[in-house]
Amino acid sequence: MLQVNYIRENREKVLERLSVRNFKQPELVDEIIRIDEERRQTQTSLDNLSAIANSSAKQIGELMRNGKKEEAEAIKQTTSANKEQIKQLSEQLAAAEQQLHQALVQLPNLPAEAVPSGITPEENEVVYTHGSPAVLHEGAVPHWELTAKYDIIDFELGTKIAGAGFPVYKGKGARLQRALINFFLDRATESGYREMQVPLMVNEASGFGTGQLPDKEGQMYHVTEDNLYLIPTAEVPVTNLYRDVILKEEDLPVKNTAYTPCFRREAGSYGAHVRGLNRLHQFDKVELVQIVHPEQSYAVLEEMSLYVQSLLKDLGLHYRVLRLCGGDMGFTSAMTYDMEVWSAAQQRWLEVSSVSNFETYQTNRLKLRYKGHTGKTQLAHTLNGSALALPRIVAAILENCQTPEGIVLPEVLAAYTGFDRID
RNA sequence: GGAGGGAUGCCUGAGUGGCCGAAAGGAACAGUUUGCUAAACUGUCGUACUGGCAACGGUACCGAGGGUUCGAAUCCCUCUUCCUCCGCCA
């Protein structure tokens, strides 16, 4: 959520930045400024009246203590009109605040200067490409055939007990999952992240804090009976750990990592591009979250991007890094890098990580601040990134590493899997 | 699930209707003193909105939301959460 004061003082800039996103309702900005103006006027009037009421009450108290009952009664008579007006203004103020809030949550984050304008994924900027496409043998097949052939992931079985998009991992398939999770967590820990285990369900306030609510209500599974949401990413619980927290400046940066299953409803669409592991309702992911000093956040974004790339390199995957254009970026992000790996059998890029700087967009909602040496509290910046999301990594490994003699796993995984091929 | 007791500032903890944005102690920060450290002493020490160029003001907040009252940390209602006991349970 953007800060009203910032919008008020930087109207032109806000509009200009929103256009980079191709934001459809720029009129919302002026609407916000108008409501805020009204809100402040109401607040001022209310404050003045409250001050009068407070001083009357104080006088009455004084008189009562001195036994001057009649004088006290006389003042009491005068308070009722004021009281009525205070009630009215409070209601007005509450209404204005609510309106303002409703308008504010509809505004996405402002893209950073480096973000290219654009609408479609085709307009994303490829900033780096590593490696070259794996050359496959005659008769190479997509991963959903490999998983069946080696009996390592069973999609039908998952459909039976839960539904489409809930695969069952079996034998070496299950072991590979566990190996990747451990590998990613170990690397993150070596890189200075603290490993956390967090709830897989969150309340409404948490969903709001990181920006999933109210915007993406439909994307999350909602346990209505207890009003809890299944997390779509560990970003939600891990970042919300710091909701309503004022950190000391020297505590920054805060670096946490967590492995969690992630749940996404992603209603609709079936077909080849969502087949197999490409898109699931439940999947595993290791997530990184950092809370940093505002001056550091873009350096940290680069650092996180490089870290994710180091994992991809170690897995021997052909990948590229995209800087997302304004139109393709998430609602809450100021700048995002997507990492895509090449799926040799599907002949397409698969998104396996997304690293974003949210600047103060989340921290303003979270009331996550730090106190500087000057004693002033300021909003911190948050960043997060997947490192990594498992299914598509698994898909790419299976496809790119397939040989007529079986799937030859990347060397770094051997220590974690206890085997080096699936056959 | 049942019964009872709590929730106050960074922490401990006082406060049962006005003099309370809140005692006291501790922690922290700054200064004085000091061979160094410590102690002692002095000062500072919540968040947000808002008025003002500023100096300096106003308002709100004692778990959350309502209510009673001229006036609520204090009384009433609802909710959340923690603790103790009982029941159930991986």
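The sequence lines fix the lettering, A, B, ..., with proteins before strands; numbering per chain opens at 1. Side chains included, hydrogens not; waters and symmetry mates left out as well; all remaining heavy atoms used.
Ring centers of A:Y370 and A:H381: at least 6.0 Å apart, outside the cut-off. In this structure, A:H281 has its ring center at least 6.0 angstrom away from the ring center of A:F263.
The nearest heavy atom of RNA chain B to A:A57 and to A:T79 marks one nucleotide each, and the one closer to the 5' end goes with A:A57. Comparing A:A53 and A:I246 along RNA chain B, the residue whose closest nucleotide (by nearest heavy atom) sits nearer the 5' end is A:I246.
Nearest approach of A:L312 to A:M339, heavy atoms of both residues: CD1-CB, 3.9 Å.
The partner of B:G4 is B:C83, judged by Watson-Crick or G-U wobble contacts that both fall below 3.5 Å. In this entry B:A90 has no Watson-Crick or G-U wobble partner, no candidate having both defining distances under 3.5 Å. Across every strand in view, B:C70 sits in a pair with B:G18 that passes the Watson-Crick or G-U test at under 3.5 angstrom. Pair assignment for B:G25 gives B:C11, based on Watson-Crick or G-U wobble hydrogen-bonding distances that are each under 3.5 Å. Across every strand in view, B:C56 sits in a pair with B:G51 that passes the Watson-Crick or G-U test at under 3.5 angstrom. Across all strands shown, the partner of B:A40 is B:U32, judged by Watson-Crick or G-U wobble contacts whose two distances both fall under 3.5 Å.
B:A23 and B:C11 are spaced 15 Å apart, taking the P atom of each and rounding to whole Å. Rounded to a whole angstrom, the distance from the P atom of B:G13 to that of B:C19 is 25 Å. Atom C1' of B:G31 sits at a distance of 42 Å from the matching atom of B:U16, rounded to the whole Å. Taking the C1' atoms as reference points, B:G52 lies 36 Å from B:G66, given to the whole Å. Rounded to whole Å, the separation between the P atoms of B:G15 and B:G9 comes to 16 Å. Nucleotides B:U8 and B:C75, compared at atom P, are 15 Å apart to the nearest Å. The P atoms of B:G25 and B:C36 are separated by 29 Å, rounded to the nearest whole Å. Nucleotides B:G21 and B:C45 have their C1' atoms positioned 14 Å apart, rounded to a whole Å.
Residue A:D47 places its side chain closer to B:G58 than to any other of B:G58, B:U50, B:U69. Nearest to the side-chain atoms of A:R369 among the listed nucleotides B:G58, B:C49, B:U47 stands B:U47. Taking only side-chain atoms of A:N5, from C-beta outward, the nucleotide of B:G18, B:U47, B:U50 with the closest atom is B:U50.
Proximity of A:K371 to the phosphate of B:U47: a side-chain N or O atom is located under 4.0 Å from OP1 or OP2. Within the structure, a side-chain polar atom (N or O) of A:R8 is placed less than 4.0 Å from OP1 or OP2 of B:U50. Taking only side-chain nitrogens and oxygens, A:T377 comes nearer than 4.0 Å to OP1 or OP2 of B:A48.
When rounded to the nearest whole Å, the span between OH of A:Y370 and P of B:C10 equals 19 Å. Summarising the geometry, the separation between CG on A:N227 and P on B:C79 is reported as 16 Å, rounded to the nearest angstrom. When the P atom of B:C49 is taken as reference, atom NE2 of A:H101 falls 14 Å away, rounded to whole Å. Between the C1' atom of B:C10 and the CG atom of A:L247 lies a distance of 13 Å, rounded to the nearest Å. Straight-line distance from the NZ atom of A:K367 to the C1' atom of B:C61: 12 Å, rounded to whole Å. If you take CG of A:D226 and P of B:U80, they are 11 Å apart, rounded to a whole angstrom. Taking atom CD1 of residue A:I86 and atom P of nucleotide B:G71, one finds them 9 Å apart after rounding to whole Å. Rounded to whole Å, the distance from CZ on A:R39 to P on B:U59 is 18 Å.
If you check every strand for non-hydrogen atoms under 4.0 Å, A:S50 touches sugar and phosphate atoms only. Within 4.0 Å (heavy atoms only), A:N54 reaches sugar-phosphate atoms of the nucleic acid but no base atom. Using a 4.0 Å heavy-atom cutoff across all strands shown, A:I60 reaches at least one base atom of the nucleic acid.
When A:N278, A:N400, A:I152 are each tested for a side chain to side chain contact (heavy atoms under 4.5 Å, CB included) with A:H143, only one passes: A:N278. For the side chain to side chain contact (heavy atoms under 4.5 Å, CB included) test with A:T239, the passing option among A:L366, A:L383, A:I291 is A:L366; the others fail.
Atom CD of A:E295 is surrounded by 12 or fewer heavy atoms from other residues, nucleotides or ligands within 6.0 Å.
A:P253 is not listed as a side-chain neighbour of A:H293, based on a closest heavy-atom distance of 4.5 Å or more.
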